[in-house]
2 protein chains.
Amino acid sequence: MSSAPTIAAQAETLAVNLIAVLVAVTDDQPRILTIGGSALPSGPFELAHRSLQSGLRDWVEQQTHHPIGYVEQLYTFADRDRGGDGDGLRMVSISYLGLTRERPASRTPAPTGDPEWRDWYAFFPWEDRRQVDEVRATALAVALQAWVGHAPDARTGKVRAQRCAIAFGLDGHGWNEDLVLQRYELLFEAALIPEAHTLDTESEARMGLRMTGDHRRILATGMARLRAKIKYRPVVFELLPETFTLLQLQRSVEALAGRLVHKQNFRRLIEQQDLVEEIGALATDTGGRPAKLVRFRRDILDERAMVGTKLPRP
Amino acid sequence: MSSAPTIAAQAETLAVNLIAVLVAVTDDQPRILTIGGSALPSGPFELAHRSLQSGLRDWVEQQTHHPIGYVEQLYTFADRDRGGDGDGLRMVSISYLGLTRERPASRTPAPTGDPEWRDWYAFFPWEDRRQVDEVRATALAVALQAWVGHAPDARTGKVRAQRCAIAFGLDGHGWNEDLVLQRYELLFEAALIPEAHTLDTESEARMGLRMTGDHRRILATGMARLRAKIKYRPVVFELLPETFTLLQLQRSVEALAGRLVHKQNFRRLIEQQDLVEEIGALATDTGGRPAKLVRFRRDILDERAMVGTKLPRP
DNA sequence: ACGACTTATACTCCAAACGAGCATTTCATA
DNA sequence: TATGAAATGCTCGTTTGGAGTATAAGTCGT
């Protein structure tokens with residue numbers, strides 16, 4: 001299959017690294033781990049690693065000093081124009097999605113490279129629709145409309161309008177929170193996201209913070225995957241503490257999905273699937289009537305792992 | 001990020017290649033392209049390639065002499081125990097799923113390496129449930145039961161029984177055609193699929209033909225992805241000729257899913273989504289009442305690409 | 001102690017989606 | 001002309017999912 005000369009040819013020019021979208025939810029806000037504020041943590045894939053996944057686990061745990069509950073491969077990138085080192089070197093990046101919790105207080109020896117948890121909506125302001133921001137919504141719509149208007153020909157314009165409508169839920173097309181990547185790519189194509197240019201503060205507030213290289217695209221991939229996944233797999237629980245209330249669970253889901261859900265229906269869904277069990281205690285700090293504390297039934301992972309679980313969509 | 005010494009270290013030991021699960025449907029039978037009868041086509045990732053996907057497209061089209069309609073990345077494998085070259089060399093394989101049609105008669109210069117289309121159920125006999133084979137079903141159930149019985153302890157046994165029931169639709173758990181990979185891994189774990197050992201003809205008939213290295217696992221990954229995908233994306237049409245009848249469409253879906261669907265409901269679903277348009281002609285060779293010939297409405301790809309389409313499940 | 005406020009929790013309603021079946025139509029062929 | 005095979009049209013009952021109403025049980029300020 002692969003002959004020696006081929007390998008030799010690859011040798012000088014191909015590098016393989018692992019890159020992680022590490023997610024936590026803190027104070028009803030999804031957060032991702034960054035290095036230097038604007039890069040996703042990454043590291044080379046080494047021979048010492050048993051597998052890609054264990055390789056990623058190894059050095060992420062080494063950097064964050066606590067274990068990741070859930071890891072899943074996202075996508076492998078190797079486009080020629082991926083920034084990075086300009087000359088002949090080609091970087092193959094295998095990205096992973098990891099779910100965890102922010103480390104408690106014990107900020108042990110600060111890991112190398114200035115790791116920092118950041119609100120993921122800082123990079124994707126338009127993805128948070130939990131409270132309607134009429135101002136930003138219209139501003140975005142106007143910018144998109146301009147792009148549609150500047151189409152070279154009518155046909156292109158029509159396609160563009162259609163894409164905008166679907167991706168951003170305009171003209172009666174409902175908002176679909178799963179289309180994170182499509183929206184990012186559309187904005188990128190519309191040059192509304194000039195990752196390479198400098199932006200004033202106001203633009204950053206509207207179009208989100210930039211990231212190193214194509215890391216923002218990778219983050220978008222991770223967000224999209226996670227938003228889709230929580231609807232049919234019980235992975236949210238990896239982001240919650242051992243015990244929690246149903247409202248806490250709901251708020252976490254809403255934070256990830258970037259939209260609000262109907263409380264009663266949400267509870268109905270959770271209950272009829274036996275996803276959680278009561279712990280017997282009550283949470284009294286809820287502000288209103290105390291809520292039962294519950295715990296995720298890890299034992300159902302065996303059954304549900306394959307079969308799937310449903311969380312409400314909008 | 002990646003320093004020079006790291007790259008040098010990788011240089012002698014890492015090889016990146018692309019591997020394809022190429023699917024076609026011929027005579028209501030899903031088929032995959034093999035090289036030498038038991039290997040998936042693969043080739044090295046080269047610097048000349050713009051991207052992974054275009055790299056794959058390039059050499060697959062070069063090998064098969066006709067274009068692939070649809071390509072999607074599957075998974076990247078790099079486990080240490082992936083067979084391949086035993087010594088220090090680590091092979092990173094990026095797998096892709098490609099949909100196409102078997103080339104018509106014009107078998108131009110036979111490509112290198114003896115490419116051959118093979119029925120995919122030859123490798124996964126238990127995945128075809130279109131006609132119930134009571135004999136094989138019970139034989140498999142018995143073998144699984146034995147594995148459950150040989151569990152080291154009761155707890156393991158219970159977990160095993162549960163996994164079998166869900167994966168293979170026993171004890172009232174309905175058959176879920178998407179669990180191709182889980183079933184394969186379960187059978188592998190139960191040592192019912194000794195990829196490395198020799199098998200007699202009878203065993204091969206029951207447990208399917210072996211493939212090179214971990215190619216059968218990769219094929220399982222592709223099958224699972226495709227079975228899941230046809231339910232919410234209009235990708236089946238990549239496997240059909242330009243015009244076809246609704247029954248042909250249904251038979252293709254059934255072939256891929258490995259199970260039969262309710263004809264009237266299937267048509268209702270297709271129609272209410274405007275997936276196809278009538279061509280005006282009739283197919284008279286259907287044996288019964290002639291069927292309207294239809295054509296896939298490619299123009300809806302723009303809309304549906306993001307939003308999704310539904311094909312009936314069982 | 002009381003009323004206002006907040007959250008938890010229990011039910012009800014309705015419409016769309018879905019699975020299954022019956023009935024009728026329209027061909028080719030024996 | 002009868003028969004078989006498939007196409008096509010329609011009905012029915014169940015499930016699922018979205019949305020709303022009502023009530024319970026705490027906290028907190030006065």
Side-chain angles (χ1 to χ4, degrees), chain A residues 28 129 169 172 174-178 230-232 243-254 257 259-295 307-314, chain B residues 28 129-130 169 172 174-177 230-232 243-254 257 259-295 307-314:
Chain A
D28 300 335
R129 311 255 303 189
W175 174 267
N176 182 342
E177 71 272 14
D178 288 352
I230 55 175
K231 288 184 202 122
Y232 61 99
T243 69
F244 50 88
T245 69
L246 288 182
L247 185 58
Q248 268 179 278
L249 174 60
Q250 183 184 344
R251 295 267 183 262
S252 296
V253 169
E254 290 176 333
R259 70 188 312 179
L260 303 175
V261 307
H262 183 107
K263 184 193 276 199
Q264 293 91 323
N265 292 346
F266 181 80
R267 304 168 122 269
R268 174 172 66 186
L269 222 48
I270 302 295
E271 279 157 19
Q272 78 188 33
Q273 292 181 112
D274 280 322
L275 285 175
V276 299
E277 60 191 356
E278 297 179 9
I279 201 68
L282 296 178
T284 54
D285 56 344
T286 53
R289 170 174 168 178
K292 288 175 187 155
L293 278 171
V294 298
R295 162 177 54 199
V307 98
T309 297
K310 296 163 299 190
L311 285 185
R313 325 131 24 62
Chain B
D28 300 334
R129 311 256 302 192
R130 284 175 294 178
W175 175 267
N176 182 342
E177 72 272 14
I230 55 174
K231 288 184 204 126
Y232 62 100
T243 68
F244 49 88
T245 70
L246 288 182
L247 185 58
Q248 270 180 276
L249 174 59
Q250 183 184 343
R251 294 267 184 261
S252 297
V253 170
E254 290 175 334
R259 70 188 314 180
L260 303 175
V261 306
H262 183 105
K263 183 193 277 199
Q264 293 92 325
N265 292 345
F266 180 81
R267 302 167 125 271
R268 174 171 66 188
L269 221 48
I270 302 295
E271 279 157 19
Q272 79 188 45
Q273 291 181 113
D274 281 323
L275 285 175
V276 299
E277 60 192 356
E278 297 179 7
I279 202 66
L282 295 178
T284 54
D285 55 343
T286 52
R289 171 174 169 178
K292 289 175 187 154
L293 277 170
V294 298
R295 162 175 55 199
V307 101
T309 298
K310 295 163 299 188
L311 285 187
R313 341 196 289 107

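Because only heavy atoms are used, hydrogens play no part in the values below, and waters and symmetry mates are left out as well, while side chains stay in. Lettering of chains follows the sequences in order, A, B, ..., and the numbering in each one begins at 1.
- Across all strands, B:L246 comes closer than 4.0 Å to no nucleic acid atom at all (heavy-atom distances).
- Note on B:R268: every side-chain N or O is 4.0 Å or more away from OP1 and OP2 of C:dC18.
- Within 4.0 Å of B:K263, counting heavy atoms only, lies at least one base atom of the nucleic acid.
- Here the side chain of A:H262 is nearest to one of D:dT8, D:dA19, C:dT7, namely D:dA19.
- The heavy-atom pair separating A:W175 from A:R259 by the smallest distance is O-NH1, 3.2 Å.
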Per-nt protein contacts along nucleotides 25-30 of chain D (heavy atom under 4.0 Å; B base, S backbone sugar-phosphate only, - none) come out as BB----
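- Atoms CD (A:Q250) and P (C:dT7) sit 11 Å apart, rounded to a whole Å.
- With D:dG18, D:dG17, D:dA7 as the choices, the nucleotide that has an atom nearest any side-chain atom of A:N265 turns out to be D:dG18.
- Taking the side chain of A:Q264 as heavy atoms from C-beta on, and the options C:dC13, D:dA6, C:dC11, the nearest nucleotide is C:dC11.
- Using a cut-off of 4.0 Å between Lys/Arg side-chain N and Asp/Glu carboxylate O, B:D28 and B:R130 are scored as not salt-bridged.
- Distance CG (B:L249) to C1' (D:dA6): 16 Å, rounded to an integer number of Å.
- Remark: C1' of C:dG19 and CG of B:L260 are 15 Å apart, rounded to the nearest angstrom.
- Rounded to whole Å, the distance from CZ on B:R251 to C1' on D:dA7 is 12 Å.
- Applying side chain to side chain contact (heavy atoms under 4.5 Å, CB included) to B:L293 and the options B:L282, B:V276, B:T243 leaves one that passes, B:T243.
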